[in-house]
Amino acid sequence: MRTAAPLSRTGHEYGPAVQITKDDSMRAFEIPEFGIDKLNLTERDLPTPTANEVLIRFHAASLNYRDHMVVTGTYNPRMKMPAIPLSDGAGEIVAVGDAVKKWKKGDRVMPIFAQQWFDGEPSEAKRRTSLGAGPQWEGVLREFGAFHEDSVVEIPEHLTFLEAATLPCAAITAWNALAVSGGLKAGETVLTLGTGGVSIFAVQFAKMFGARVIATSGSDEKIERLRSMGADETINYRTREDWDAAVLELTGKRGVDHVVEVGGSGTLARSLNAVRIGGHIAMIGALTTGSFNPVHIFMKSVRLQGIFTGSRSMFEDMNRAISVNGLRPMIDRVFGFEEIGDALRHLESGSHFGKIVIEY
Ligand SMILES: NC(=O)c1ccc[n+]([C@@H]2O[C@H](COP(=O)([O-])OP(=O)(O)OC[C@H]3O[C@@H](n4cnc5c(N)ncnc54)[C@H](OP(=O)(O)O)[C@@H]3O)[C@@H](O)[C@H]2O)c1
């Protein structure tokens, strides 16, 4: 039998680590076939950590746009099933394998997104170890999971489990885009698109680095919130369809130094117009469809860099910066474990601002 510790929304007041016996089981959601309504709540055996693994009891997870694609079948229509979805979780270590040196019971950790991307460049082999998109690297929408001790990182001390669960994909992607690929410097100008998970972290990191932020959104209400978070300039891309022209007006026709491009082919033409000659566009997402003219890329000597999440070493660097600066992730709304369908539909609606979180 398992004795569950009382749950707390602050994340710091959990009781003693849970007691586990061999014949215990846990709740997990599986994708037996594609579709939000098909998600199946099931019982699974509690994983037993091998010598180099730690057993994590998850307290929270967060949603990424990718999770919606995985569940609905647009991420990989040939994905093997059943599979447990979601890549981003946070919890506490409740058991360690015999050879584990880095961690002990009670440590608060998050599994890294690509389980075998520790540092250096990404590779096909590293990318294939991403969580939550198939049975081989199962996701975190389960109460417990066993992970290699090298494939988890410590939660910054000031963050709750709910806040920490927002970091493994969206935050590291924004960090990679600006701090690593962008080499962002104080005084530079950053353009962010929309107010989803990645973009809101990009706003926060850009302000942390002392940059000027021009942020867009399709909602005036969200624009007010962007302003209250410190965005210097804002543009509603629905009422100002030529938002690239607005960016040029705001930068004295020079253009921005960095664009955090989450829109994809439908926004890239305007992003290319809005970036300065020699500027940097971090290509992250594909929320929209459209076409663009590649001539602008070379005529403006733009550095167009594809970004795929980030490594463990980037995650550790980012966590240090988050700790020193006391950064708190922007949580839009918290859903219960069994409300995963509602949470995914909330993501689908696009009405969120920042991160949608699941509390276990
Ligand atoms: N490459 C990677 O490693 C990586 C990592 C994470 C995410 N991604 C990708 O990045 C994209 C964003 O992910 P996310 O998790 O942050 O998504 P999300 O939280 O679902 O964000 C969606 C938001 O994007 C904004 N948006 C939609 N259409 C837009 C448009 N035409 N112009 C500007 N903004 C628009 C909307 O904000 P408003 O309501 O404010 O308009 C919407 O709320 C997705 O394509 C995702 O797959 C890639």
Side-chain angles (χ1 to χ4, degrees), residues 62-72 74-76 86-88 112-114 117 122 126-127 130-133 166-178 180-181 191-204 214-227 229 231 234-244 246-247 259-271 274 281-290 304-311 314-315 329-333 343-357:
S62 82
L63 295 189
N64 292 289
Y65 189 77
R66 171 181 182 264
D67 302 316
H68 186 273
M69 297 174 75
V70 168
V71 170
T72 56
T74 53
Y75 190 77
N76 175 11
L86 270 54
S87 56
D88 295 11
I112 60 176
F113 180 87
W117 184 12
K126 292 172 184 174
R127 193 176 60 81
S130 304
L131 294 175
T166 67
L167 300 180
C169 177
I172 196 69
T173 301
W175 177 266
N176 187 354
L178 291 176
V180 184
S181 168
L191 171 64
T192 60
L193 308 183
T195 57
V198 174
S199 302
I200 293 293
F201 274 118
V203 170
Q204 291 179 296
I214 302 177
T216 74
S217 173
S219 144
D220 284 340
E221 193 196 324
K222 291 181 180 181
I223 278 187
E224 281 309 307
R225 296 186 67 184
L226 281 167
R227 288 226 166 244
M229 296 178 58
T234 48
I235 304 164
N236 185 325
Y237 63 79
R238 285 192 212 282
T239 54
R240 185 80 202 258
E241 279 184 33
D242 62 340
W243 49 267
D244 49 331
V247 172
V259 183
V260 181
E261 230 308 340
V262 294
S265 52
T267 50
L268 185 55
R270 292 193 188 281
S271 291
I281 298 181
M283 280 305 300
I284 293 171
L287 292 167
T288 61
T289 52
L304 190 66
Q305 175 65 55
I307 301 289
F308 175 71
T309 62
S311 64
M314 290 181 210
F315 203 160
M330 177 63 68
I331 294 179
D332 170 74
R333 202 166 144 189
L344 284 164
R345 277 186 213 94
H346 183 55
L347 181 92
E348 194 173 65
S349 77
S351 62
H352 58 290
F353 184 93
K355 295 293 294 178
I356 299 165
V357 173

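Every number for a ligand or one of its atoms is a count from 1 in the order of the listing.
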**Report entry** ring-ring contact (aromatic ring centres under 6.0 Å, His included) partners for His68, two or more places apart
**Finding:**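 Once residues adjacent in sequence are excluded, His68 has no partner under the ring-ring contact (aromatic ring centres under 6.0 Å, His included) criterion.
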Requested in this report: Not counting sequence neighbours, which residues clear ring-ring contact (aromatic ring centres under 6.0 Å, His included) with Trp175? List them please.
Outcome: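 Counting only residues at least two positions away or on another chain, Trp175 forms a ring-ring contact (aromatic ring centres under 6.0 Å, His included) with Phe205, Phe209.
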Where does ligand 1 get N/O contacts under 3.5 Å from the protein, atom by atom?
unit_1	atom_1	unit_2	atom_2	d
ligand 1	1 (N)	Ile284	O	3.0
ligand 1	1 (N)	Ile307	O	2.7
ligand 1	3 (O)	Thr309	N	2.7
ligand 1	15 (O)	Tyr65	N	3.3
ligand 1	16 (O)	Gly197	N	3.1
ligand 1	16 (O)	Val198	N	2.9
ligand 1	19 (O)	Gly197	N	3.0
ligand 1	19 (O)	His352	NE2	2.8
ligand 1	20 (O)	His352	NE2	3.3
ligand 1	37 (O)	Thr195	N	3.1
ligand 1	39 (O)	Lys222	NZ	2.7
ligand 1	40 (O)	Thr195	N	3.1
ligand 1	40 (O)	Thr195	OG1	2.6
ligand 1	40 (O)	Ser217	OG	2.6
ligand 1	41 (O)	Gly218	N	2.8
ligand 1	41 (O)	Tyr237	OH	2.4
ligand 1	43 (O)	Gly350	O	3.4
ligand 1	45 (O)	Ala286	N	3.0

Query raised in the report: Are Asp220 and Lys222 ion-paired here, with the side-chain N under 4.0 Å from a carboxylate O?
Result: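 Answer for the salt bridge query: no.
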Query raised in the report: Would you say the side-chain atoms of Gln305 and Ser181 include a donor-acceptor pair closer than 3.5 Å?
Result: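 Gln305 vs Ser181: no donor-acceptor pair found between side chains.
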Query raised in the report: What class does the angle between the rings of Phe308 and Phe113 fall in, given that below 30° is parallel, 30 to 60° is tilted and above 60° is perpendicular?
Result: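 Perpendicular: the ring planes of Phe308 and Phe113 meet at over 60°.
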Requested in this report: Kindly write out the residues that satisfy side chain to side chain contact (heavy atoms under 4.5 Å, CB included) with Leu304, not counting sequence neighbours, or none if the list is empty.
Outcome: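 Leu304: side chain to side chain contact (heavy atoms under 4.5 Å, CB included) contacts with Leu268, Ile281, Met283, Ile297.
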